[in-house]
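Got a structure for you, questions after.
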Amino acid sequence: MTYIVKPKNHHPLLEKNELGLTRRDYEGAVSTLCAGCGHDSISSAIVEACFQLSIESYKVAKLSGIGCSSKAPAYFLNQSHGFNSVHGRMPSIATGAAMANHELLYLGISGDGDSASIGIGQFIHCARRQLNMTYIVENNGTYGLTKGQFSATNDLESKSKYGDDNLFPSIDLPSMAIQLGASFVARSFSGDKEQLVPLLKAALSHKGFSFLDIISPCVTFNNHNTSTKSYDYIREHNDALSRPDFVPSGKEILTDYPKGSTVDVPLHDGSLLSLEKISENYDPADKIKAIQNIQESQRDGKVLTGLLYADPEAKDLKEILNVSDKPLNEMDLNDLCPGSEKLKDINSGLK
Amino acid sequence: MTYIVKPKNHHPLLEKNELGLTRRDYEGAVSTLCAGCGHDSISSAIVEACFQLSIESYKVAKLSGIGCSSKAPAYFLNQSHGFNSVHGRMPSIATGAAMANHELLYLGISGDGDSASIGIGQFIHCARRQLNMTYIVENNGTYGLTKGQFSATNDLESKSKYGDDNLFPSIDLPSMAIQLGASFVARSFSGDKEQLVPLLKAALSHKGFSFLDIISPCVTFNNHNTSTKSYDYIREHNDALSRPDFVPSGKEILTDYPKGSTVDVPLHDGSLLSLEKISENYDPADKIKAIQNIQESQRDGKVLTGLLYADPEAKDLKEILNVSDKPLNEMDLNDLCPGSEKLKDINSGLK
Amino acid sequence: MKIKSVNDFVIKFANVNGSGSASANQMFAKGVFRSGIPVSPKNIFPSNIQGLPTWFEVRVNEKGYLGRREGIDLFVAMNPQSYQKDVEELKAGGYLIYDSSWKRDFGREDINILEIPLTKLCVQEFTNPKQRLLFKNLGYVGLLASILEMDKDIYISLIEEQFKGKEKLIEPNVKALNIGYNYAEENFKDYCDIKVNKSNKTDGLILTSGNDAAGLGCVYGGATVCAWYPITPSTSLAESYSKYSEKMRVEIGTEKNKFAFIQAEDELAAMGMTIGANWNGARAFTATSGPGVSLMSEFIGLAYFAEVPTVLFNVQRGGPSTGMPTRTQQSDILCSAYASHGDTKHILLIPSDPKECFDFAVEAFDLADRLQTPVIVLLDLDLGMNDWSTKEFEWDDNNQYDRGKVLSKEDLDGIEKFGRYLDVDGDGIPYRTYPGTHPEKGAYFTRGTSHDEYAGYTEDGVKNAEMLTRLVKKFQTASSLVPSPVFNQEKNTSSMGIIYFGSTDCSMQEALDVLDEQNINIDAMRIRAFPFNLEVWEFIEDHDLLFIVEQNRDGQMRTLIMAEGGIIPDKLVSILCFDGQPITAEHITNKINAHISGKPALVAS
Amino acid sequence: MKIKSVNDFVIKFANVNGSGSASANQMFAKGVFRSGIPVSPKNIFPSNIQGLPTWFEVRVNEKGYLGRREGIDLFVAMNPQSYQKDVEELKAGGYLIYDSSWKRDFGREDINILEIPLTKLCVQEFTNPKQRLLFKNLGYVGLLASILEMDKDIYISLIEEQFKGKEKLIEPNVKALNIGYNYAEENFKDYCDIKVNKSNKTDGLILTSGNDAAGLGCVYGGATVCAWYPITPSTSLAESYSKYSEKMRVEIGTEKNKFAFIQAEDELAAMGMTIGANWNGARAFTATSGPGVSLMSEFIGLAYFAEVPTVLFNVQRGGPSTGMPTRTQQSDILCSAYASHGDTKHILLIPSDPKECFDFAVEAFDLADRLQTPVIVLLDLDLGMNDWSTKEFEWDDNNQYDRGKVLSKEDLDGIEKFGRYLDVDGDGIPYRTYPGTHPEKGAYFTRGTSHDEYAGYTEDGVKNAEMLTRLVKKFQTASSLVPSPVFNQEKNTSSMGIIYFGSTDCSMQEALDVLDEQNINIDAMRIRAFPFNLEVWEFIEDHDLLFIVEQNRDGQMRTLIMAEGGIIPDKLVSILCFDGQPITAEHITNKINAHISGKPALVAS
Ligand SMILES: Cc1ncc(C[n+]2csc(CCOP(=O)(O)OP(=O)(O)O)c2C)c(N)n1
Ligand SMILES: Cc1ncc(C[n+]2csc(CCOP(=O)(O)OP(=O)(O)O)c2C)c(N)n1
Ligand code: SF4
Ligand code: SF4
Ligand SMILES: [Mg+2]
Ligand SMILES: [Mg+2]
């Protein structure tokens, strides 16, 4: 287990990254979520990851559905355009947006209600299309914004705050994503920044559909002791696959893990996700095994976290559809309009 | 491989079952599907299964979405009520209907477009709720009724009739169903009645969510030689797990398979699905293994058919929700209305 | 100057949400109600769970005027974030109560300030940090009880009732109440000129919300299946049904449920389940709000055309799109009446108070079964989620459910050939059968595609047009079955009329009295259903000028009236309010006065 | 008796679907078109793939009257299943052609029967069983060429063009044509008094469908993203876009696509993708039909309120519900104009022929960008899927796309504070920015929840009401930008007017001429867009009696006019046709005559 180990050297807020920006420059509006909400920790992990990667905020599009989680994009990356769409439909908005301009970085934030219930169809088909985006589900096992109904990721053994039993098995989004064609799939925990930040950095650097299922306790409606998505429960049942470290492209690989105990996942831009093996079952390249691992650990009451699956070679939707490299939204009449001569030909063809 | 072996003794159409009915009594309107359409074979397998099980047609509700496949319920069981709903939404209609009266047998017919695209959310959640129904996808890898677009179950290697490549990986509904809580999952082929009929009989006898993915070639739009859902392709790549035989409750088990080579799956009503092992991988009780089998065979370019998974002990939605045994649609005012005295109490409570 | 008033004032609370204030404020209102004075508490909450400004308004009015009224007499300001705006709302001579643990100058000379160091007092008295926070709320309730000279025992009983079963909590709560009460007794004796005097004006009334009432109505109306998806402000309707069912619908002995309550995966599924259950002979309903109605519209069209009874509660909120999920509007009239593509029209029932929500819920199932079509009951957030002082629920044990034209096995035995869509009785309503009724007869295929009288699929366009025309006839039949409008007068005496509907009723009663005092004679009609019946058209016919009061931007009810009735539009004048707050009597009277005098109104629309 | 006519007749084909007949029938029509006579082929097909009756009607009319006309002059009856009904449709003196391989008595003395043993002939000539079936179709085309005295070479060229690249197939096809041609030359020389004489009335015309034209218009209009879900009758619109894009939008050198064509998983996703792409600055559209529009309505409300340009083609089919998927109607007017919950209104464009489909497709993108709102282009099955003799497409190479108010990096540099929803110009239209434009300025949050001028989330209801009111202003601006109505007359001269729209145009031209011959003077206006502009209102104002011709049950355009314009309903008389067939000129004139004379019309509505 990797968390609770706090980051060793404290980074002052004013430290600068390669762009000369501080963490502050990656923040957003003040959160209106409940104090202690896991979603806020994820926002700050996103800030950290973007800061460390020296991402240009204005080249990021933040997309979401509806829910407490879907509000989160307002709380990071102030200089990014955001789109808070309708419930469960972020993936289609992301797909259209990414087709219009493949050069931005698409970061989708959703909730377990948003993605596993009303939005499960869009989630599935977005993964299947291998859209180049990072898709995060801030998974609290509940409908936070509508006040605590069970979501479809809630576990069978879990009870509600008011003592009601959850009657149905949980939907495991990571195994679904792997099956469907996602090429980067990880699970993490909002309370474990040391694991989360490198995974986020790798996901953001990965080309293709990167999916992160982040357990993110809802302190108001699903943090009681009969919940399986509470801080305590996750801390106790977390079974980390690996301790990740992310090395941007062009940087030397510097990990302090003993040799031989690491797996390196090279990403398309040359950056490396370097992973210290913790679990033996670990092989992020084997799809079928990955699903099996997840399901076995679920059966055994454990919550497997870490990088579950990665295929750095996978194509993304733009390539699959063979869309041109000049962003479609930059094309003008000269690029797009076949003109009057061609139309004359068409007319003659229709005689 | 089990098919092509034609049934040994030919049953004349006028043979009678326990109810004194002939196969004719289980037929429906004349099909308007294309000659040779796999869906018609499935309809006749359903007729056969219902005949053999001596099902009372009027105790069956036939439900469907929209598509060629969804028209099929008109072509069997004339004496059953049918509901041809809207595209992709059969599962919710079935759920409501089954809640209203748990005593009927619910038979849902859908297509791969209907279930894997527009209806994937309802499919998933219906399986997850363990609705007591038999859910059949007549899987032809294409949108028959709208003239041959690729469906989401079409395989990556497949080409359209017109030579276009299918660009996206296929969605495997059986592994999804198993993962989500379906308690009876099988795959078969419309051209293999010997396998299909016993599976159908078992599915109809099973209590809980029974899912059958039946490969059903579309002769008009997806039966060319670059299709992976054509008659020829399936005949060549079919990898049967088992040769099934269905023994209704109270009947002696009479299979002519050599001893030790069979697995018996007892269903809740005492009937037995007796399976001759063909493949070694075969254990219909192991969920995780089942999914692995499916995926490995898919990876290896095989189409695994037979009973993939069964849990005869599983609860169904009515039990999960603890709904009373008297069908809700038979309850009258005396059963349902709390009356004026109770209302007075409620009034006082609101003072 | 001090405002002086007995049993007639508006008090507003400003709090931070998630701090437990709503239940304390609710308790304050209930105390007034128990003192015999009608109240209308309104919770004005943000679309968020914790930490944002939230308000709670209570109008206390012995005459029973319970619509929203602008201008606050008493303000309990517990949220420094919103002090500035809050204090502005206070009328001159009004009273401001605030937590003087942190002293503050409000810069207004014309108000009366009551300082109480609530935080400090609570910190002194309680050690548990949660209690320190929570009990501030009961503290100001105690203070109010004192300055308004209310019977403190009422609140003590309310606390006791609330913590029945958790008796340990009674004592600290009462202590908290006393903190405020005693502080006020010591410091503000006779300070405040607003009083609550015991009365008997709540005899025969109860305090409840439209959602609670409608959920209960579904239980009484015999609904056995509820499929829904959470959405504000409709969630509590489904929850009410579930709560009452769990109490009153469990089989004795087996402990099994005589109902099925299903949280669907989305609104489409919720509607599908509702249709499936009704098709199969159970009474089933769903509850949602605007976005849900949009998502359900394909299914609504199916139920219309395949003629499946369906009950849908649409608790309207601020639109369009996700809009203002925690504010009220009446802006789904058109999208409900004409929901779905193609030529469709749907029955609407529009209750105006919780009692009517109960009654119309019951009636909705009868109408749906009788007419075999969707019935949409239109509430709004104000009516659905706020508690109203409303008449007691009534039930006549001789009531019977009208299950409509359903053929039994015996009926079928007597019929030559069953035609699911045959208009046997000439009222446009055909007969139906439940699946599983008869071994040989009565089976048919339900479909949303074109069909003939025998439910057979047809592509004969003329046949299909006949079916569509029969649906028009059925809709005409419906107009004689739906609830009639309610008139304010026994006989029309004016050339001017007002048309209104739904939750506007409470402000309208007051407006009509004010107009009467101003010697403006005007007839009034409250529409309660669509299609409009003869009485609606007669009222419109009878008047030269009609004001239509609506809580939306586009005058949707006016549109519906014009579209359906062929009404000369010039005589239909809209009075609109769409800022998400319930309309006030003043807004209505100002607009009418302005129109009559030809001067612009004082209130912005 | 024999019907005698030159270049003016209606021919109908009855076939079994899936048998290749549609393309032969199409070829027949094209042959007539190439002979210089305008034609309007109409495919009347079942909602199924193979084996059911299907019909194909071709009106041939030198004057250019191309609306449907009842009464068949020539019937090619190739489907014994439907003989009975088919023969009834034939006018007295008409000609029946059937496959006399199986002889048959049709029991009508008043028609002329041409027997040709097509099956037998094909069996003689061809060995491949598929060809034996398929070539019967070309056989009767050959026969028709002969009896109508057409130039056979036209058909030979058509065959050659069709099989360009598969030359081997030309010979057997020509042979099949000749089977019928030669048989007729031998047996029916001078038998038939209906003739096709070469003319020049198709100069400047092309033969194409509305869907094909609209798809091409999207290419010319600069659409780069199309997301859709298959549904009849809109599928071929998306496919046309894809086909033309693949031809004309591939980057030379890289062979990469300057477009993205995505088959979505359903209509909700298709609309979401369209909105996402437009939000990000690409021109994107989707195409669907009624059920899809219902499913999209939540998203349409989002695009309206968040002000994202969106183009949606709704190719209307028979409703409600799944209805008549292969029949035509104009019954989605209201559900399109008011789509979604809350107060919403949307731009509609209503083309009346393929040329206008092309033009309005181009215009839709300009309007959507300019107005930042959904633009819904309403076609119908008849217009979308059938080939029409329509004017040639035109394109002026000086055209520019109007991308509306989009701020560039430079623009942003010059702006103090960017307000996404600020009404800077007073026309209700704010400025927008594309993501990724400027490192520091112009980022904002798009949302369907209530927001202020700076796109900040707000729960201030008054602020929100301001935003909603600005949208009303924007809609007013729209009315001056959308296409004006088209008038039949230069100046109004009658007190009566006719209002019509869309595909009705072709029957209306004929009806107007007939009325003129009957000395009924009547002005006519074709509405082309919603919101209605001043010219529309003036026309209505100018007339005492107005007929509104619509292909739906409920008179939806009439409703819209009344609702929006405050029009006295008594002067608006509906002429309706909703049996799924295109309305005929006769239907229109009968209804008008009946109304004027006070007698009931001869045609059922
Ligand atoms: C169409 C529609 N249905 C329902 C809602 C109400 N709604 C808002 S948020 C939400 C669920 C949110 O749950 P989740 O996605 O898990 O987010 P969380 O609040 O738990 O972070 C629902 C049902 C809505 N806004 N729109
Ligand atoms: C809401 C909606 N969208 C689209 C359609 C058009 N449509 C009819 S059937 C069909 C697909 C059918 O495919 P599948 O379910 O695989 O059935 P098949 O015809 O292949 O058996 C579609 C898209 C529709 N009827 N309704
Ligand atoms: S309700 Fe739960 S999910 Fe929502 S903000 Fe509060 S803690 Fe977070
Ligand atoms: S099109 Fe395909 S699926 Fe449809 S009936 Fe024909 S063969 Fe069957
Ligand atoms: Mg959640
Ligand atoms: Mg299919």
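Letters A, B, ... are given to chains in the order of the sequence lines, protein chains preceding strands, and every chain is numbered from 1.
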Heavy-atom proximity to chain B below 4.5 Å, by part of C:Ala227 = neither
query = Considering residues, nucleotides and ligands other than C:Glu255, do more than 12 of their heavy atoms fall under 6.0 Å from its CD?
reply = yes
inquiry  = Under 4.5 Å from any heavy atom of chain B, what part of C:Leu302 do you find: side chain, backbone, both or neither?
reply    = side chain
Charged N-O contact under 4.0 Å between C:Lys258 and B:Asp335 = no
request  = Select one option (side chain, backbone, both, neither) describing which atoms of B:Ser57 are under 4.5 Å from chain C's heavy atoms.
outcome  = neither
key: Contact summary for B:Cys337 and C:Tyr401, nearest pair of heavy atoms   = CB-OH, 3.4 Å
query = Nearest heavy-atom pair of B:Leu336 and C:Thr224: which atoms, and what distance?
reply = CD2-CG2, 3.5 Å
message = The test is side-chain contact (heavy atoms from CB on, under 4.5 Å); show your working for C:Thr208 and B:Ile346 and say whether it passes.
response = CA-CA 11 Å; C:Thr208 193; B:Ile346 291 171; over 6 Å; no
query = How would you list, in number order, the residues of residues 89-97 of chain B that have a heavy atom less than 4.5 Å from chain C?
reply = B:Arg89, B:Ser92, B:Ile93, B:Thr95, B:Gly96, B:Ala97
query = Where on C:Phe259 is there a heavy atom nearer than 4.5 Å to chain B: the side chain, the backbone, both, or neither?
reply = backbone
Segment of C:Lys247 engaging chain B (4.5 angstrom heavy-atom cut-off) = neither
message = Give me the atom names and distance for the closest heavy-atom approach of B:Pro338 to C:Met248.
response = CG-CE, 3.7 Å
ask   = Would you say C:Asn257's side chain and B:Leu321's backbone share a donor-acceptor pair under 3.5 angstrom?
value = yes
Under 4.5 Å from any heavy atom of chain C - which part of B:Lys62 = side chain
task = Go through the atoms of C:Ala260 and report whether side chain, backbone, both or neither lie under 4.5 Å from a heavy atom of chain B.
result = both
ask   = So C:Lys256 and B:Val323, side-chain contact (heavy atoms from CB on, under 4.5 Å) or not? Walk me through it.
value = CA-CA 5 Å; C:Lys256 292 193 178 181; B:Val323 175; over 6 Å; no
query = Are the charged groups of C:Glu392 and B:Lys351 less than 4.0 angstrom apart, N to O?
reply = yes
inquiry  = Quick one about B:His81 and C:Thr433 (side-chain donor to acceptor, distance below 3.5 Å, no hydrogens or angles considered), yes or no?
reply    = yes
task = Give a yes or no on whether the backbone of B:Ala100 and the side-chain of C:Asn280 come within a donor-acceptor separation of less than 3.5 Å.
result = no
query = Which of residues 67-76 of chain B have a heavy atom under 4.5 Å from any heavy atom of chain C?
reply = B:Pro73, B:Ala74
query = So what's closer than 4.5 Å to chain B heavy atoms on C:Phe299: side chain, backbone, both or neither?
reply = side chain
request  = Check the pair C:Tyr220, B:Lys342 against side-chain contact (heavy atoms from CB on, under 4.5 Å), reporting the backbone distance first and the verdict last.
outcome  = CA-CA 10 Å; C:Tyr220 272 76; B:Lys342 280 259 170 67; 3.5 Å; yes
key: Contact origin within C:Ser389 toward chain B - heavy atom pairs under 4.5 Å   = neither
task = Using heavy atoms and a sub-4.5 Å threshold, report which of residues 117-129 of chain B line up against chain C, by residue number.
result = B:Gly121, B:Gln122, B:His125, B:Arg129
remark   = Okay, B:Leu104 and chain C: the region with an atom under 4.5 Å from a heavy atom over there is side chain
inquiry  = According to salt bridge (Lys or Arg N to Asp or Glu O under 4.0 Å), who are the partners of C:Arg249, at least two apart in sequence or on a separate chain?
reply    = none
inquiry  = salt bridge (Lys or Arg N to Asp or Glu O under 4.0 Å), that's the test. Do C:Glu251 and B:Lys326 meet it? Break it down for me.
reply    = CA-CA 10 Å; C:Glu251 257 172 22; B:Lys326 178 171 182 180; over 6 Å; no
note = Whatever's closer than 4.5 Å to a heavy atom in chain B on C:Val219 counts as both
query = Could you walk me through whether C:Phe33 and B:Leu350 pass the side-chain contact (heavy atoms from CB on, under 4.5 Å) check?
reply = CA-CA 10 Å; C:Phe33 183 83; B:Leu350 296 171; over 6 Å; no
note = Applying a strict 4.5 Å limit to non-hydrogen atoms, the region of C:Leu205 in contact with chain B is backbone
ask   = Is a side-chain donor or acceptor of C:Asp397 paired with a backbone partner of B:Gly339 at a separation under 3.5 angstrom?
value = no
ask   = Is it the side chain or the backbone of B:Ile66 that comes within 4.5 Å of chain C heavy atoms, both, or neither?
value = neither
